[in-house]
Amino acid sequence: MEYYYYSHLAKAEQAIYRAMLDGISSLSLSFAVPKAELTALNSILFRLRLDHPEIFYVTGFSCRIHPDASCVTMLPDYLFDRSKVREHQKALSTRVRRLADGAKNMSEVEKEQYIHDFICRNVRYDKLKKAYSHEIIGPLGQGVGVCEGIAKTVKILCDALGLWCIIAISEAAPDKGIKYRHAWNIIRLKGQYYHLDATFDGTLTGEDLLRYDYFNLDDRWIFRDHQPVLFPVPACADSAQSYYRSRKLSFTKEEEVCKRAAQAIRKGLPLAVHWRGGFLTREVLVRLMEQLEQAARQKGRHVQLSLNWPQAVLCLRFPQTVPQQTLITEEANEGEQDGEGSSCEHQVTGC
């Protein structure tokens, strides 16, 4: 697979990247890399680990330097000893291979959905900030992860299935209550690039309904509730492959929503739809709720609406009893806003 962040480094930085990759892959306790400032070394290692999610066992580094030397001695901080790393590598390789085997004959978009659905069904957001939750070992080995570990898991599964995929990292925004960087993925399908945030969809998914609010979004939609990226990424300009639009679940008229909801009411099933008929105002919501409640009562049911406001996605459920709350506002990134999230950083100690 293409090493995206490597390809966007200067030649001198690429030499450092290769030296780091060789030393870490061989689990060396120390090794030499071309001399550079600490901040540059930190940034290169960070991007290397975005390209190589299989490097799950490094949490940071320290280094030794002599003023007249042309190289720096790098000392990685490993999560486990060498034998334990090898043991985890073998187990994770087997896990990835078995998961990939289940999708190898699918189309590209089917493979993407297979990976997305695996995350949403099997990985829960880890608010305890365990070290392994930042890496593939969390989602694949423990069933937990933060955004960084989830995005890395999506990438390693995409790599195994031959899907072009990179990890995008956004800046924090403390002034907006966003204390941490966030990670998600960009996928390439038939020459077009799309945003995929399995972490956000996983926090919205319930036992009765998988969510695809962040499946194949373009730049215009993803940055409604994501911050600008830390490193440049390809432009995502196409919106035709967003999940709800491609499944004909994206509507511009209230009567279209009600018509589709009527089918779900008859079956007693939940339904998620996307609204793109202009700004989703309170007046539109009130009218929709009134029409949907009227249709639901004819079938002995009621309406509960969960709203992902930034993405204009309405999740409708039709319980047989009157719900305590008829309108619920959802927060897709709740785990990262409540102070229990975890930044996409790794530990670095001084040279």
Side-chain angles (χ1 to χ4, degrees), residues 1 3-6 8 42-56 58-60 112 115-116 118-120 123-140 142 144-159 163-174 176 178-188 193-204 213-217 219 221-234 236 310-311 331-338 340-347:
M1 303 301 294
Y3 298 133
Y4 177 82
Y5 287 105
Y6 173 82
H8 287 76
N42 179 42
S43 179
I44 293 167
L45 178 60
F46 186 77
R47 282 176 277 185
L48 182 154
R49 294 168 69 244
L50 298 179
D51 280 342
H52 295 271
E54 72 276 11
I55 298 177
F56 60 86
V58 173
T59 59
E112 180 190 12
I115 294 167
H116 169 278
F118 166 77
I119 295 293
C120 290
V123 181
R124 60 180 175 82
Y125 193 90
D126 179 20
K127 294 185 178 183
L128 298 179
K129 300 186 290 185
K130 300 181 184 70
Y132 56 70
S133 292
H134 291 262
E135 309 298 337
I136 62 170
I137 193 171
L140 291 175
Q142 305 294 326
V144 297
V146 294
C147 62
E148 185 180 7
I150 290 170
K152 288 177 177 178
T153 300
V154 169
K155 176 166 171 55
I156 202 166
L157 290 172
C158 284
D159 289 352
L163 282 179
W164 189 96
C165 175
I166 65 170
I167 298 168
I169 302 290
S170 68
E171 292 279 17
K176 299 179 182 178
I178 301 171
K179 300 179 181 179
Y180 307 103
R181 291 176 177 174
H182 181 63
W184 68 96
N185 299 93
I186 293 176
I187 307 283
R188 186 173 67 200
Y193 297 94
Y194 304 94
H195 296 277
L196 172 68
D197 193 334
T199 300
F200 273 28
D201 275 344
T203 62
L204 295 172
D213 300 23
Y214 300 89
F215 190 96
N216 288 350
L217 298 187
D219 289 338
W221 281 95
I222 195 72
F223 292 116
R224 288 187 171 204
D225 54 8
H226 285 58
Q227 298 306 304
V229 291
L230 181 63
F231 305 114
V233 296
C236 301
Q311 295 302 323
E331 289 285 350
N333 60 340
E334 180 181 359
E336 295 176 1
Q337 284 189 325
D338 62 4
E340 296 293 339
S342 191
S343 72
C344 299
E345 296 280 9
H346 58 278
Q347 177 186 356

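What you are looking at is a predicted structure, and each value in this text was computed from that prediction instead of being measured.
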J.: Do Glu135 and Arg49 meet the salt-bridge criterion of a basic N to acidic O distance under 4.0 Å?
T.: yes
J.: Evaluate the side chain to side chain contact (heavy atoms under 4.5 Å, CB included) criterion for residues Ile186 and Cys236: first the C-alpha distance (whole Å), next the side-chain angles of each, then the deciding distance (0.1 Å), finally the verdict.
T.: CA-CA 8 Å; Ile186 293 176; Cys236 301; 4.0 Å; yes
J.: Listed by chain and number, what are the side-chain hydrogen bond (donor to acceptor under 3.5 Å, both in side chains) partners of Tyr6, not counting sequence neighbours?
T.: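 So Tyr6 forms a side-chain hydrogen bond (donor to acceptor under 3.5 Å, both in side chains) with Arg18.
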J.: Go through Phe231 and Arg47 one step at a time and tell me if the side chain to side chain contact (heavy atoms under 4.5 Å, CB included) criterion holds.
T.: CA-CA 9 Å; Phe231 305 114; Arg47 282 176 277 185; 3.7 Å; yes
J.: Could you pull out the closest heavy-atom pair between Gly145 and Ile150, with the gap in Å?
T.: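 Shortest heavy-atom separation between Gly145 and Ile150 comes out as O-CD1, 3.9 Å.
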J.: Taking all heavy atoms of Gln311 and all of Trp221, pick out the closest pair and write down the distance.
T.: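 Looks like NE2-O, 2.9 Å.
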J.: Search all heavy atoms of Ile222 against all heavy atoms of Tyr214 and return the closest pair with its distance.
T.: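 Minimum heavy-atom separation between Ile222 and Tyr214: CD1-CD2, 4.1 Å.
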J.: What verdict does the side chain to side chain contact (heavy atoms under 4.5 Å, CB included) test give for Val123 and Thr153, after you've listed the backbone C-alpha separation in whole Å, the side-chain angles of each residue and the deciding distance to 0.1 Å?
T.: CA-CA 10 Å; Val123 181; Thr153 300; over 6 Å; no
J.: Is it true that His116 and Phe215 have ring centroids separated by less than 6.0 Å?
T.: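 Yes, they do, as the ring centres are separated by less than 6.0 Å.
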J.: How long is the span from the CD1 atom in Ile115 to the CG atom in Leu163, to the nearest 0.5 Å?
T.: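 One finds 5.5 Å between CD1 of Ile115 and CG of Leu163.
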J.: Is the shortest side-chain N to carboxylate O distance from Asp159 to Lys155 below 4.0 Å?
T.: yes
J.: Can you confirm whether Pro234 sits close enough to Tyr4 that some side-chain heavy atom of one is under 4.5 Å from a side-chain heavy atom of the other?
T.: yes
J.: Using a 4.5 Å cut-off on heavy atoms from C-beta on, say whether the side chain of Leu196 contacts that of Glu112.
T.: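 SC-SC contact between Glu112 and Leu196 confirmed.
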J.: Should Val144 and Tyr132 count as side-chain neighbours, where that means a heavy-atom distance under 4.5 Å?
T.: yes
J.: Indicate the atoms forming the closest heavy-atom contact of Val233 with Ile166, along with that distance.
T.: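 In this case the closest contact between Val233 and Ile166 is CG1-CD1, 4.1 Å.
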J.: Got a second to check how far Ser170's OG is from Phe223's CZ, nearest 0.5 Å?
T.: 8.0 Å
J.: Just by modelled atom types, is the Ala332 backbone N or O under 3.5 Å from a matching donor or acceptor in the Thr203 side chain?
T.: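 Yes, because the side chain of Thr203 sits within donor-acceptor range (under 3.5 Å) of the backbone of Ala332.
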J.: Is the Tyr193-Trp164 ring centre distance short of 6.0 angstrom?
T.: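 Yes, ring centres under 6.0 Å apart.
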J.: Please enumerate all residues that pass side-chain hydrogen bond (donor to acceptor under 3.5 Å, both in side chains) together with Asp213, with sequence neighbours excluded.
T.: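 In terms of side-chain hydrogen bond (donor to acceptor under 3.5 Å, both in side chains), with neighbours along the sequence ignored, Asp213 is linked to Arg211, Tyr244, Asn308.
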J.: So, taking the atom named SG in Cys158 and the one named CD1 in Ile187, what distance separates them when rounded to the nearest 0.5 Å?
T.: 3.5 Å
J.: Phe200 and His182: aromatic ring centres closer than 6.0 Å?
T.: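 They qualify: ring centres under 6.0 Å apart.
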J.: Using every non-hydrogen atom in the two residues, find where Cys147 and Thr199 come nearest and quote the distance to one decimal.
T.: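 Heavy-atom minimum between the residues: CA-OG1, 3.4 Å.
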J.: His226: what forms a side-chain hydrogen bond (donor to acceptor under 3.5 Å, both in side chains) with it, not counting sequence neighbours?
T.: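 Partners of His226 under the side-chain hydrogen bond (donor to acceptor under 3.5 Å, both in side chains) test: Asp197.
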J.: Just do the side chain to side chain contact (heavy atoms under 4.5 Å, CB included) check on Glu148 and Ile169 with the steps written out, would you?
T.: CA-CA 9 Å; Glu148 185 180 7; Ile169 302 290; 5.7 Å; no
J.: Can Asp126 and Gln142 be counted as having a side-chain donor-acceptor contact under 3.5 angstrom?
T.: no
J.: Taking Glu54 for its side chain and Ile156 for its backbone only, find out whether a donor-acceptor pair lies under 3.5 Å.
T.: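 Not confirmed, Glu54 side chain does not pair with Ile156 backbone.
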J.: How about Asn185 and Tyr194: does a side-chain donor come under 3.5 Å of a side-chain acceptor?
T.: no
J.: Hey, does the side chain of Tyr5 reach the backbone of Ile167 with a donor-acceptor pair shorter than 3.5 angstrom?
T.: yes
J.: Give a yes or no on whether Arg224 atom CZ has more than 12 heavy-atom contacts from other residues, nucleotides or ligands under 6.0 Å away.
T.: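 Atom CZ in Arg224 is crowded, with more than 12 foreign heavy atoms closer than 6.0 Å.
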J.: Considering all heavy atoms of both residues, which atom of Lys130 and which atom of His134 are nearest to each other, and what is their separation?
T.: O-CD2, 3.7 Å
